[in-house]
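Please read all numbers here as calculations on a predicted model, not as lab measurements. All chains are named by letter (A, B, ...) in the order of the sequence lines, taking the proteins before the strands, and each is independently numbered beginning at 1.
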6 protein chains.
Amino acid sequence: MGIHTYFQSLTDLERIIRCPGKFKFQEHSVSAHSWKVVQYAKTLADIEESNGVTVDWKKLYEITSSHDYGEIFIGDIKTPVKHYSLELRAMLQQVEEGMVAHFIDEHIPETFKSIFRRQLREGKDQSVEGQILEVADKMDQIYEAFAELRAGNTEKEFIVMYRSALIKIKQIKLHCVDYFLQHILPDLVSEGARSPIDIHQITEEALAA
Amino acid sequence: MGIHTYFQSLTDLERIIRCPGKFKFQEHSVSAHSWKVVQYAKTLADIEESNGVTVDWKKLYEITSSHDYGEIFIGDIKTPVKHYSLELRAMLQQVEEGMVAHFIDEHIPETFKSIFRRQLREGKDQSVEGQILEVADKMDQIYEAFAELRAGNTEKEFIVMYRSALIKIKQIKLHCVDYFLQHILPDLVSEGARSPIDIHQITEEALAA
Amino acid sequence: MGIHTYFQSLTDLERIIRCPGKFKFQEHSVSAHSWKVVQYAKTLADIEESNGVTVDWKKLYEITSSHDYGEIFIGDIKTPVKHYSLELRAMLQQVEEGMVAHFIDEHIPETFKSIFRRQLREGKDQSVEGQILEVADKMDQIYEAFAELRAGNTEKEFIVMYRSALIKIKQIKLHCVDYFLQHILPDLVSEGARSPIDIHQITEEALAA
Amino acid sequence: MGIHTYFQSLTDLERIIRCPGKFKFQEHSVSAHSWKVVQYAKTLADIEESNGVTVDWKKLYEITSSHDYGEIFIGDIKTPVKHYSLELRAMLQQVEEGMVAHFIDEHIPETFKSIFRRQLREGKDQSVEGQILEVADKMDQIYEAFAELRAGNTEKEFIVMYRSALIKIKQIKLHCVDYFLQHILPDLVSEGARSPIDIHQITEEALAA
Amino acid sequence: MGIHTYFQSLTDLERIIRCPGKFKFQEHSVSAHSWKVVQYAKTLADIEESNGVTVDWKKLYEITSSHDYGEIFIGDIKTPVKHYSLELRAMLQQVEEGMVAHFIDEHIPETFKSIFRRQLREGKDQSVEGQILEVADKMDQIYEAFAELRAGNTEKEFIVMYRSALIKIKQIKLHCVDYFLQHILPDLVSEGARSPIDIHQITEEALAA
Amino acid sequence: MGIHTYFQSLTDLERIIRCPGKFKFQEHSVSAHSWKVVQYAKTLADIEESNGVTVDWKKLYEITSSHDYGEIFIGDIKTPVKHYSLELRAMLQQVEEGMVAHFIDEHIPETFKSIFRRQLREGKDQSVEGQILEVADKMDQIYEAFAELRAGNTEKEFIVMYRSALIKIKQIKLHCVDYFLQHILPDLVSEGARSPIDIHQITEEALAA
């Protein structure tokens, strides 16, 4: 029909819960996650700029705000599937991309089709912006898992989430990653000192991995 | 590890919401849906028996109670995917079956592996029991969609759900289908008379389709 | 009116919360509980069969799937009442059975009345199936209480629930009880090792009681 | 132990839902209901006083604030039970009163026992205060049912609730009942004019009954 | 229009959450809080009376039941604002009182205006009743914070809430404060012995402060 | 302490509900709202660009993503306060800005202070980006109110919200406003055709106002 269909659909992502099925003290919707990724990425890009790196803000805006739109069709199910088999994960990725393509074909007006294809593409490429998105996305995984661990959630799922996100981040060569590891992560870890789970040790091990 | 992993996982299905993303007045978990399917199927089988049909209760028990277990891995996402493309749907089915197979390989003890493979297979075959499962599953789709329509939910998704389930049911040749169409459906439709949506007409059209 | 009234009412059990009033990290509906009991009972019966015991699957199906239907009328309130007085508990049981009888008289068609009376009777008799139901019902009490204890719920209600269910189970002479105590319970207990509450010790004491 | 056990238990009533099982757009806890009854009763008593009637504020305070405490033991289940049989309802009342008596015996210190027995007694006697409590309790039933009807809830349960509460109120001879019928109810009815259910007519019929 | 507007608005306070934004295991509405304050105050006043103090029950009724009505307009936001600046807090208080005054002017009939102005005024004056309200209000803050600490909520907000309420209470010279400190608080503290947070020590420090 | 305090606080906005107190079929958090505003603004800016207007994407990114951060301190309460008095509203705005300033002073490291002051300022100035933010913010008000009206919510609050947002938007001279009025709004209105409330007429009146 038109852009209305797209705008209308955004509210569905308020009802898609991240990490579905698993018990959590705090549930997060895909839309709330997306907003936090937008916020983290903004500050991460500020740090890059203050180190002399040029940031394409339009691109960063586009890829961070839309990066999980495809979950409207298949939910937030990639993580557990990945644990089982890379082949199944690849198939699932194909299903998601196929449905996004279908959606644009059917609902987006001709003059916007190319814009939406660009905006709803996979944004995590090797550009500065793509890497910032990767860091911001994993940072939210850290914050979400940390909140569970701190509250005493003993399901190991959240230790896995916390650790794997941290390992991913530390491999990315950006000024903002240095800043995160030196100035943000220590504050977070020290806040978790009262947790029944030893977050300090998990962090040390992940950083040494 | 053992059967404990399976039993423990059942509680995850209490947190998988059916028809995720769409606005509903009443949300239903996969486990609540599964229980209602077990209940409908029991009465449907009673009707078959009272018409002289032999029912294999063990098989019926197995296939009704476990029929949506695979959703623990990929959620309740088949319906919208189907609307887009049969090919994507087939891929998704493959992902789900692959993950169930992985799960049994990893977690179920050797002596139970074949039992679990049989129980967690797709149960909707052409046997009486398989057909009863199909009817019971679609009946719950009707009850869930009806509750939305009756409460005034104007999203057309629920009209589609109601109609397609009814069309599917009426094509199945079972005594219990006759009973449902003659004695249960009319009570349901008359209860919806106050709804802003014309449930009577939608029903008539589906039955005539 | 007819069977529709019964089918329609099932959804009410999705809104009856188990152990109402008490603070829980995870709430469970009567319908989700009923489904898990159906699932446990299936595997328990598989274990009996593999030990040469004959199982009446139709009976097992009937009594497990309907065993808490009466709670639609009076909620899940038996446990705390029992703590106070056996006499009050007996009265409450009478109220529940009286309302089920009323319901069948009023709403179920003549030809189904005897079937529904059989299905909605108290199923926990001394038959193999009745005992399997008792074990499955208590197993879910263990799983529910365990999830609270593991998450750090310090209300002693859940210690009482866990312990009394375990004591009840171990008194039942079935092959599946042996299997549960030897192969399932130890996995569960080891998963709770990180809990602030000493689940291992509570378990040992209950088994020695 | 002491008064602490009583104070601690109050929070359980925040988790006891009124009219459990039935679908509602808005759920109300027993504690929220109790607070609204306290509020209505205050204004109703103001109206009595302004008409020269003497109000015992201490008694009114006691009976309104505690009038549903017994539901902590058996939930909010009296209404549907009443529909079936007065005998069952009487038994249930006995169970509730028995448990309140047990609770006081066990937990309340000797010096407070008689105060708590007076406060947790059935307060709806023929005194002005007892009658004000009855009106206030039924007024909340009207407000709760009205909110459902106005939002388009077509379950007839709420029509029954609305009508029976209104019939009960109009039989009570108090100045505040006159005020309610002349100055409050008309405002409420006119607010429901847009509802798919004809609240005006239901009201007229109840007042004429 | 009339009193109806006031009665109708009460239900909005069931949807105003206390301490908004902060993570809590148990959320409390302003209406549930208000009801518990009414209940505590009743027993506190009983204790005063048993020590020979005269209590104005009508006044106590009025000020306890309505003490947080103003939050309908600005929510439960005073506590965090106070942490920042007394000046901002004073402004906020002015906003709340301004809106209550507006509300009465617009909606309450002439004959009730003065009653409502008295009932919706700030009740925490230096009278016995005003001081009982202060104690009861702070007691609920203690119970709410305690429930979080006991469940393992490590956010320091709740330690601050618990401690500051206790410090406030102990400064008030009432018989019921003595009773609370000697007979109720110790029961509460001993119930929290299993908490990961040292509630006993926090309590000792607050009492010694 | 550092940026961590800011990132950590973002999750609080998932728990601040928009339009608190009022009954809604669908509740929206401030974070979900913020994300939708980011998304709308992106497409609105695309439309401006396609009409030859230059957009400062960095500025747009900053002001859209952070525009409601101040609600972390005082919740979403501006709208109803505004109805009463512009003076009270101005005071409240001052409270919010005072608390944001306090927060930056206390928690944000020196090198980021000026960046955060710029990002957390009121963004709705007369620049293209400021106007796009205003349109996007009001568009979400329209979508939220529309969803209530379509579902049959008869509280006039939502008619007021819908109408006032539309009147505000149509006064802004931007290409994207033309596009919205001509191509998006008609789709939305036609989707609401089944609603018990006459959305078409309300829209016409607002556009003619």
Proximity of residues 198-209 of chain C to chain D, residues having a non-hydrogen atom under 4.5 angstrom | none

Those residues of residues 20-29 of chain C, ordered by number, that approach chain D below 4.5 Å (heavy atom to heavy atom) = C:P20, C:G21, C:K22, C:F23

With D:K36 via salt bridge (charged side-chain N to carboxylate O under 4.0 Å, His left out) - residues at least two apart = D:D140, E:E14

In chain order, what residues pass the ring-ring contact (aromatic ring centres under 6.0 Å, His included) check against D:Y40, with sequence neighbours excluded?
-> D:Y143, E:F7

How many angstroms lie between atom CD1 of D:I17 and atom CD1 of C:I17, to the nearest 0.5 angstrom?
-> 8.5 Å

Answer yes or no: are there more than 12 heavy-atom neighbours, outside D:K168 itself, under 6.0 Å from its atom NZ?
-> no

Inspect the surroundings of NZ in C:K156 and state if more than 12 heavy atoms from other residues, nucleotides or ligands are less than 6.0 Å away.
-> no

Considering only heavy atoms, which portion of D:Q94 lies under 4.5 Å from any heavy atom of chain C: side chain, backbone, both, or neither?
-> both

